[in-house]
Amino acid sequence: MVGENHENIIEFVVRDKISVLKFLGIEIADDVTITAQRGLDVTEATPKQLLADGQIVIGEPPILGLVIEVQMTMSLAAWKEKQLKWPHYAIGLRTKLRCMTETLVITTDPRIEKLARQPIQTGRNSVWHAMVLGPSNLPREPSTEFTRKNPTLALLAMMAHGQDYTTPETPANMLKGLWESDLYQALENSQQRIYYDRAMQALPLWIALALKDDPVTQEYFSPVVLDYIAQGREQGIEQGIEQGIEQGREQGIEQGREQGIEAGLRQSILLILDSRGYAPTADDLQRIENQHDRTVLEAWVKAATNQLVGQPLFGGH
């Protein structure tokens with residue numbers, strides 16, 4: 001319960017506000033209007049102020065809380081608004097968790113990073129700083145091992161520095177580490193594609209195109225090719241089942257299904273080659289059509305994935 005002394009002191013300060021301010025050393029010009037009132041209603045302002053991107057809470061009970069703010073674009077007007085909001089985010093979370101809190105600003109833009117690192121004056125003797133994760137503290141060329149252990153940080157690094165790469169080697173190593181990471185392998189294909197697309201979009205066009213056509217990269221990484229394979233197998237199996245049912249009267253449904261699987265593998269080979277800009281010769285098409293050994297067809301799927309234009313398509317098979 002709020003005591004009588006508490007209430008009285010509030011009233012005293014409101015009534016004699018100028019004397020209190022002067023005692024605290026706050027200089028006031030004669031033409032400055034000063035208002036004061038009891039109470040401060042922030043029930044509407046607080047929810048709006050606390051709509052940050054996310055939060056990380058460490059410990060139970062909490063010992064540290066981080067408000068996450070991802071900032072990819074920011075005008076000067078927006079920066080002025082952020083100077084009010086970012087400290088508020090941290091204090092709002094501190095009130096909720098009853099522990100130390102920070103606002104962590106994440107950006108891949110050097111200009112925004114520079115703004116975010118500026119101290120924010122919150123009072124006459126109070127200065128607040130955001131924690132910042134940006135181009136200056138993201139590694140320029142993460143190794144495969146670093147990426148394997150830190151896929152999100154590596155992807156942010158590529159988004160921050162990718163346009164400065166002059167060879168495909170660094171991003172190829174990063175893609176390999178991303179593919180091998182536990183985080184990536186646990187994702188559905190549609191979610192993996194998001195990582196792949198973001199990485200490619202961060203690179204100069206010629207490097208992105210080189211990686212898409214690099215057989216070494218394609219051997220371990222490409223949702224695009226994986227989609228073609230899945231699509232081809234689905235289409236081929238469907239076609240095979242339909243054909244098998246029709247042929248089942250004479251040859252048996254089981255044989256028809258086997259032919260469907262073979263058709264799917266053939267379709268996969270052609271779709272992959274098409275995606276890589278390779279036009280099979282008439283002899284190639286004839287060999288694919290005449291091959292009924294599933295082991296050989298599966299080997300050709302891999303060969304098509306690694307195909308180099310101008311080299312024999314099926315090697316010694």
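Atoms considered below: every heavy atom in the structure, side chains included; atoms not considered: hydrogens, waters and symmetry mates. Values in this document were obtained by computation on a predicted structure and should not be read as measured data.
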Mind listing the closest non-hydrogen atom pair of [X] and [Y] along with its distance?
X      : Y      : value
Pro168 : Ile207 : CA-CG2, 3.9 Å
Leu64  : Cys99  : N-SG, 3.7 Å
Pro110 : Thr108 : CD-O, 3.7 Å
Val105 : Ala130 : CG2-CB, 3.9 Å
Gln71  : Ile112 : O-CD1, 3.7 Å
Met174 : Pro142 : CG-O, 3.4 Å

Spell out, as yes or no, whether a donor-acceptor pair under 3.5 Å connects the side chain of [X] to the backbone of [Y].
X      : Y      : result
Glu102 : Leu104 : no
Glu113 : Ser136 : yes
Asn290 : Arg287 : no
Asn137 : Val132 : yes
Gln55  : Ile68  : no
His161 : Leu138 : yes
Ser181 : Leu178 : yes

Within residues 127-154 or reaching into it, pairs that qualify as salt bridge (Lys or Arg N to Asp or Glu O under 4.0 Å) - sequence neighbours excluded
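The answer is Arg140-Asp164, Glu145-Arg148, Glu145-Lys149, Arg148-Glu180.
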When you compare the side chain of Met72 with that of Asp109, does any pair of heavy atoms fall below 4.5 Å?
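The answer is no, as the side chains (C-beta and beyond) never meet within the 4.5 Å cut-off.
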Does the side chain of Val127 come within less than 4.5 Å of Thr122's, by heavy atoms?
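No, too far: nothing below the 4.5 Å cut-off.
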Over 12 foreign heavy atoms within 6.0 Å of CD, Gln185:
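Yes, because the 6.0 Å sphere around CD of Gln185 holds more than 12 heavy atoms from other groups.
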Near Arg98 CZ, under 6.0 Å, is it more than 12 heavy atoms from other residues, nucleotides or ligands?
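At most 12 heavy atoms, drawn from other residues, nucleotides or ligands, come within 6.0 Å of this atom.
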Group every Ile, Leu, Val, Met, Phe, Trp and Tyr by side-chain heavy-atom contacts under 4.5 Å, then state whether Leu211 and Ile194 land in the same group.
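Shared cluster, no.
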When rounded to the nearest 0.5 angstrom, what distance separates [atom1] in [X] from [atom2] in [Y]?
X      : Y      : atom1 : atom2 : result
Leu66  : Ile58  : CG    : CD1   : 5.5 Å
His129 : Ile120 : NE2   : CD1   : 9.0 Å
Asn173 : Phe146 : CG    : CZ    : 14.0 Å
Leu156 : Arg198 : CG    : CZ    : 12.0 Å
Leu76  : Leu115 : CG    : CG    : 8.0 Å
Glu81  : Ser75  : CD    : OG    : 10.0 Å

Hey, mind stepping through Thr152 and Leu183 against side-chain contact (heavy atoms from CB on, under 4.5 Å) and telling me if it holds?
CA-CA 9 Å; Thr152 299; Leu183 180 149; 4.2 Å; yes
Run the side-chain contact (heavy atoms from CB on, under 4.5 Å) check on Met158 and Tyr165 step by step: do they pass?
CA-CA 9 Å; Met158 187 182 289; Tyr165 295 156; 4.3 Å; yes
I would like to know whether Ile91 and Thr101 meet side-chain contact (heavy atoms from CB on, under 4.5 Å); could you show each step before the answer?
CA-CA 7 Å; Ile91 295 301; Thr101 56; 5.7 Å; no
If the plane angle is over 60° it's perpendicular, under 30° parallel, otherwise tilted; pick one for Tyr184 and Trp179.
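Tilted.
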Any pair counted as ring pair (Phe, Tyr, Trp, His ring centres under 6.0 Å), so long as it reaches residues 93-113, sequence neighbours left out:
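Sorted result for residues 93-113: empty, none.
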Polar contact flag, side-chain donor to acceptor under 3.5 angstrom, Thr103-Glu69:
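The criterion, which ignores hydrogens and geometry beyond distance, is not satisfied for Glu69 and Thr103.
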